[in-house]
2 protein chains.
Amino acid sequence: MNLGDRKRLILQAIIEDYINTAEPVGSRTISKKYLTNTSPATIRNEMADLEEMGFIEQPHTSAGRVPSDKGYRLYVDKIMEQKKLDNIQAELIKKEFIDTLGEIDRLVKHASKLLSNMTQYTSIIMTPQLKKTCLKHIQLIAINSSTILAVIVTDAGIVKNSVLKGIRDIAPDVLEKLTNALNSKLSGLSMEDMNRLSLEDIFTGEFARSMHVHGEIIEQLIPELMQTLLYSDTKDIYLDGAANMLKFPEYGDINKAREFLNVLDEKELLFNVLNQTNNDVNVSIGAENQFEQFRNCSLITATYKINGKTIGSVGVIGPTRMEYSKVISIVDCMTHNLSEILTKMLKV
Amino acid sequence: MNLGDRKRLILQAIIEDYINTAEPVGSRTISKKYLTNTSPATIRNEMADLEEMGFIEQPHTSAGRVPSDKGYRLYVDKIMEQKKLDNIQAELIKKEFIDTLGEIDRLVKHASKLLSNMTQYTSIIMTPQLKKTCLKHIQLIAINSSTILAVIVTDAGIVKNSVLKGIRDIAPDVLEKLTNALNSKLSGLSMEDMNRLSLEDIFTGEFARSMHVHGEIIEQLIPELMQTLLYSDTKDIYLDGAANMLKFPEYGDINKAREFLNVLDEKELLFNVLNQTNNDVNVSIGAENQFEQFRNCSLITATYKINGKTIGSVGVIGPTRMEYSKVISIVDCMTHNLSEILTKMLKV
DNA sequence: GTTAGCACTCATTAGTATTGAGTGCTAATT
DNA sequence: AATTAGCACTCAATACTAATGAGTGCTAAC
């Protein structure tokens, strides 16, 4: 499907003008601001064609044209030039990150804030997910006679802990033995692997034999520990710049705004949205979106990694009339920096 | 300052009607709906008095009256009857909590959601604060030759951990010795106490002598550990029901709405707002508010405790025209249940 | 002390006319 | 055959006006 140069230029003009103004774009505007050598009449003819092909739409008879989802899609895939972030902006991202170097959580929060500030849209970010990583070390600590603290360190350096209560008295040396045994048995496994592993797998062979004297204790402790391992995965979502959306005339109607904010309140949904991202940078435009709640927004998502292993993702939400090229490059730069710094942070 | 029965009834009528309708209340309305035995003219006279006293205001000449902050204050302090939650609602709070019994964080998040759902305003909640609690146990774990994991358990049962990196090789037995020493030295101290303690205090006396052979290691490790102890306090704020505010005509203007949402984006501010709460239930009305950003809202805050020790607080934000009596009782019930359950959870 | 009556104020609403941006179509031009 | 100028038509947005009515303060009567 080749449009021809002029049609392509006109479509580009319509989209970019609409992105800036949020107003339907008329033939005269295009002739004046973009294709100065072509008369409005000609442009009108081309626009009629573009409309027939489904790339643009008319809100009402005597209005200019507005890009359709299909139009944006073509624009993102074929027309727009990937905007190179100027050095100043790229530097900014890098610098801001280095300043926060410290706790992972703070870094992630900061990334979200930065993302919404730079794009001026709404940003969401998922905290690193345990599930995707491998267990590196597990340690049991007795807090008092009936309480044990389990500390889990993964290869991505993420640390979780959980308190196991109501355990019967365990002698320190048994606890140590158990810790060692668990380590030799579980370390290196990913959380997903463990999910597949049942208790029986853990109790077989050498392990069972070596621990067998403390059968009762283990029977009590292991299930709870497994429970913890499998379900302790936090699904935190940070969100920033919700207020940014209200700047756009798309949400000038307070009801539209409320609807949107209600969607943002459903953290579970946001999590699923982010979780479906596999590619490096993913663009969902309007009706393309898998979740109906976002059918009149666009969503740009990307993943970040530690040591090449995907452990989380970020996203930017905006009106379909979004500055795709700018946002894509920012998201791209952001995830790369995030990955790099996280990897570095945890490598030591 | 005694108003007299009729004036008080009229003020109450104005406030409660305005809470429901968000429209200025006129004399005729009051005569019809509230004081059916008094004529509008009489009520007008009383209203003129009330206005002179500063309890109500007139948006413009030919409009009804609207309560002032001072009016709301009188209402909250003297007039309104503390609404008793019906059993169904109180049960709901209790039940919802018991269902979530599990991780603290999830419980807190849930509380926030519940609060905004029940009140239909915006809720904020602070995660339990380490600072307020005492250190119960600290454990150092070697992850690898240059990385140590410090795990902190407080008397409120909150567990934090932090990774100390770039530490020189430490033998396991030294680490154990150090752990023991730290415990005997620090356990029982509140985080605030520790803040007052300088490194010298820690290094004096018996401790310094006993550890003295490992001077270098300690010099390297202790500062970093202290840093961690003092700054690891997370300041997480959960927020729910932001969209609720857009229901109110007060935020019918999209700019007002945006302004409000921008305030909600400043987590730091919200934290400070919550942190100033000392009383059990605190009500700040409009201009009374310490933070100018909230000068046209009202804020109801309360604290929750573990074992009688205050460790966090929750708040509800709404327009000054807020259903004070309802919200106060819900917040009250909520914090009590939260305290009870948290205490129970960690007692075992 | 309370109420009825009246003149006055002023935000809100509805109705109306005007404007102007934009279109599609046709005929003229290149 | 492609482009452009010209023209009639559509329709949202704007400005203006008049009408409405809720509410007040004041005065005089009860």
Roughly how many Å is it from [atom1] in [X] to [atom2] in [N], rounded to a whole number?
X	N	atom1	atom2	result
B:I30	D:dG23	CD1	C1'	12 Å
A:R6	D:dA1	CZ	P	17 Å
A:I43	D:dA2	CD1	C1'	15 Å
A:D17	C:dG22	CG	C1'	14 Å
A:N45	D:dT4	CG	C1'	9 Å
A:M47	D:dT4	CE	P	15 Å
B:H60	D:dG23	NE2	C1'	8 Å
A:R28	D:dT4	CZ	C1'	15 Å

Side chain A:R44 and base C:dG24 donor-acceptor under 3.5 Å
yes

Given the structure, check if the side chain of A:S62 and the base of D:dT10 hold any donor-acceptor pair shorter than 3.5 Å.
yes

Tell me whether the side-chain N/O atoms of [X] come closer than 4.0 Å to OP1 or OP2 in [N].
X	N	result
A:R65	C:dA21	no
B:T61	D:dT24	no
B:T38	C:dT2	no
A:S39	D:dT4	yes

Nearest-neighbour nucleotide for the B:Q58 side chain, C:dT2, C:dG24, D:dT24 considered
D:dT24

Using a strict 4.0 Å threshold on nitrogen-to-oxygen distance, state whether A:R321 and A:E250 make a salt bridge.
yes

Salt-bridge criterion met for B:R73 and B:D69 (N-O under 4.0 Å)
no

Looking across every strand, which nucleic acid part, if any, lies under 4.0 Å from A:A41 by heavy atom: base, sugar-phosphate, or nothing?
base

Between A:F55 and A:Y75, does the ring centre distance come in under 6.0 Å?
no

As an exercise, state the distance from CG of B:L269 to CZ of B:F294, rounded to the nearest 0.5 Å.
5.0 Å

Going by heavy atoms in the side chains, are B:M47 and B:I30 under 4.5 Å from each other?
yes

